[in-house]
Amino acid sequence: MAQADLLIKEYYSLNQDKMIDCPFQPGNLKISQKACLKRRKAAHRRKVENFRVEDLFNFFISQGLSRCQECPIVENPVSAI
């Protein structure tokens, strides 16, 4: 566990300029620009489906992505990758 913490801290220190504080996700989420762009693309690709009770996981994923659909933070995909 301590090794994983060190790797995370090292990643943050090396990539601080590529991290975004996401205002649209709960929990003070820090996310990379590349991951933010992937979430936005996934939000545009997602299908609006009727979710069954057994499929709550996908329902919650879909709800989280709905916030990313119109997010203005990563406007330029070239700069994010």
Side-chain angles (χ1 to χ4, degrees):
M1 188 67 156
Q3 182 67 22
D5 289 341
L6 288 174
L7 289 174
I8 292 168
K9 288 179 183 179
E10 180 181 356
Y11 178 84
Y12 279 150
S13 67
L14 294 174
N15 297 293
Q16 189 67 31
D17 59 328
K18 298 176 186 170
M19 301 303 287
I20 298 170
D21 290 319
C22 181
F24 301 107
Q25 296 295 322
N28 196 18
L29 180 69
K30 277 195 167 289
I31 188 170
S32 70
Q33 292 175 354
K34 188 174 181 179
C36 183
L37 180 62
K38 285 182 181 182
R39 286 183 63 87
R40 185 170 179 184
K41 286 181 180 180
H44 286 284
R45 281 194 315 261
R46 75 181 173 96
K47 297 177 184 175
V48 178
E49 301 174 349
N50 291 331
F51 293 98
R52 298 184 312 264
V53 175
E54 301 87 29
D55 201 16
L56 285 177
F57 179 77
N58 286 329
F59 172 75
F60 286 114
I61 294 292
S62 176
Q63 293 302 306
L65 286 176
S66 67
R67 297 175 182 172
C68 299
Q69 200 164 11
E70 299 300 323
C71 178
I73 292 178
V74 181
E75 288 292 332
N76 187 359
V78 176
S79 67
I81 298 176

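The shown structure was predicted, so the numbers you read here are calculated from the model rather than taken from an experiment.
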F24 and L29, any side-chain heavy atoms less than 4.5 Å apart: no
Under 3.5 Å donor-acceptor, R40 side chain and E70 backbone: no
Please determine whether side-chain contact (heavy atoms from CB on, under 4.5 Å) holds for the pair S32 and Y12, giving the CA-CA distance in whole Å, both sets of side-chain angles, and the decisive distance to 0.1 Å. CA-CA 10 Å; S32 70; Y12 279 150; over 6 Å; no
Gap separating the CD atom of Q3 from the CD1 atom of I8, nearest 0.5 angstrom: 10.5 Å
Between the CD atom in E10 and the CG atom in N15, the distance rounded to the nearest 0.5 Å is 9.5 Å
Tell me which pairs pass salt bridge (charged side-chain N to carboxylate O under 4.0 Å, His left out) where either residue lies in residues 13-30, with sequence neighbours left out. D21-K30
CG/L65 to NE2/H44 distance, rounded to the nearest 0.5 angstrom? 10.5 Å
Does the side chain of R39 come within less than 4.5 Å of I31's, by heavy atoms? yes
